[in-house]
Amino acid sequence: MPELPEVETTCRGLAARLEGRRLDAVDARVPALRFPLPDGFARRLTGRRVIHLGRRAKYLLVHLDDGQVLIGHLGMSGRMRVFAANGAVPPLARHDHVVFRTDDGAEIRFNDVRRFGFFDLTTEDALAQHPMLEPLGPEPLGNAFDAETLAAALAGKKTPIKAALLDQRVVAGLGNIYVCEALYWADISPRRSASSVPGKRAERLVPAIRRVLSEAIAAGGSSLRDFAHTDGGLGYFQASFAVYGREGEACPRCAEARHPCRVRRIVQSGRSTFLLCSAPTIG
DNA sequence: ATTGGTTCCTGCTGGC
DNA sequence: TGCCAGCAGGAACCAA
């Protein structure tokens, strides 16, 4: 999916079109995505005005004028696409599961091939205690995320640092791609045990995570198979991947060398990890 | 309390 | 060319 940079890009695209607009129609075309849609989903949204679009980790937050908050998650393959009233509106596509229409005639479609995405409805008052949001760790681009808090979250964890960074309770918003990239730039082996990272490695890791995410957001995210912007455009950060999906290629830091390090793919907890063949592997 | 394995769903790719 | 196993950006759930 969509990891933090892709959700942030989606959030910004939606904000430009949705903030201040009233939802005139909501069409839930399937009863359930990953989870059943909340009871009265369309009814509770119809007629509400959108006050603000926000993001927490990989969750989209749509704040409404009656105190409700629509929580959206894009899962692995979900995307939001906006069609302006004055533009061409193509017929509904396969996997267009939810359609929102605004008072200016625009249409917002949630398309999700694998249906791992979901929506939920809560209220402003209950938002922080929502079961999906409450356990989340700090925002990696926020002030609360630093080497000290990361070290505390990793202390005593026997799991590899790769798996620990995918745990949204440690830091919220990273996924498989950006974890691989951040560990590469921090020069930390994904196989190293999480408990051995606090200290100098954590001090390298925090800025590496921040930089990778910031640059990815600036590039409009990464478009591999599914991700596209709300206007249909593509992100281009995939062109800047150092290791993700680059098995066998030369390490960008030593590509000019006679015998450059090469990128290797391993499997950790059932998922691909990309790392340098020369990276240390001791935990 | 952690940790690892499984599962939800569809589509694409690579090997035979 | 066709078939099918394996894999894909997430994360809740379950069992150990």
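To find a chain, count down the sequence lines: A is the first, B the second, and so on, and within it residues start at 1.
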If I pick the [atom1] atom on [M] and the same atom on [N], what distance separates them, to the nearest angstrom?
N	M	atom1	answer
C:dG9	B:dT3	P	22 Å
B:dT6	C:dG6	C1'	16 Å
B:dC9	C:dC13	P	15 Å

I want to verify a distance call: between [options], whose nearest atom is closest to the [X] side chain?
X	options	answer
A:Met132	C:dA12, B:dG4, C:dA11	C:dA12
A:Arg94	C:dA12, C:dA8, B:dG11	B:dG11
A:Arg169	B:dG11, B:dT3, C:dA8	B:dT3

Exercise for the section: Check each of A:His52, A:Arg22, A:Arg48, A:Arg49 against A:Asp65 using the side-chain hydrogen bond (donor to acceptor under 3.5 Å, both in side chains) test, and report the only one that passes. Expected result: A:Arg48

Integer-rounded Å distance: [N] [atom2] and [X] [atom1]:
X	N	atom1	atom2	result
A:Asp120	C:dA12	CG	P	12 Å
A:Arg115	C:dA12	CZ	C1'	18 Å
A:Glu247	B:dT13	CD	P	17 Å
A:Asp226	B:dC12	CG	P	9 Å
A:Tyr178	C:dA8	OH	C1'	15 Å
A:Leu166	C:dG9	CG	C1'	11 Å
A:Glu6	C:dA8	CD	P	17 Å
A:Phe118	C:dC13	CZ	C1'	14 Å

Can you find a side chain N or O atom of [X] that sits less than 4.0 Å from OP1 or OP2 on [N]?
X	N	answer
A:Arg114	B:dC8	no
A:Lys157	B:dT3	yes
A:His73	C:dA12	no
A:Gln168	C:dG10	no
A:Thr159	B:dT2	no
A:Ser77	C:dG9	no
A:Lys58	C:dG10	yes

Problem - Ring-base stacking, A:Phe116 with C:dG10 (5.5 Å, 30° cut-offs) - result: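 Given the distance and angle limits, yes, they stack.
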
Which is true for [X] with a 4.0 Å heavy-atom rule: it touches a base, it touches only sugar-phosphate, or it touches nothing?
X	answer
A:Arg79	nothing
A:Phe227	base
A:Ser269	nothing

Between the side chains of [Y] and [X], is the shortest nitrogen-to-carboxylate-oxygen separation below 4.0 Å, so that they form an ion pair?
X	Y	result
A:Asp104	A:Arg21	yes
A:Asp24	A:Arg101	no
A:Glu139	A:Arg55	yes

Handout entry: A:Glu148 atom CD: more than 12 heavy-atom contacts under 6.0 Å
Key = no

Practice task
Could you let me know what C:dA8 is paired to, Watson-Crick or G-U wobble, both distances under 3.5 Å, or none if it's on its own?
Solution key: B:dT10

Handout entry: 5′-ward residue of the pair A:Arg34/A:Arg225 relative to DNA chain B
Key = A:Arg34

Problem - Pair A:Tyr184 + A:Tyr244: ring centers closer than 6.0 Å - result: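 Distance test on ring centres: not under 6.0 Å, no.
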
Exercise for the section: Indicate whether the side chain of A:His130 and that of A:Asp120 have a donor and an acceptor atom separated by less than 3.5 Å. Expected result: yes

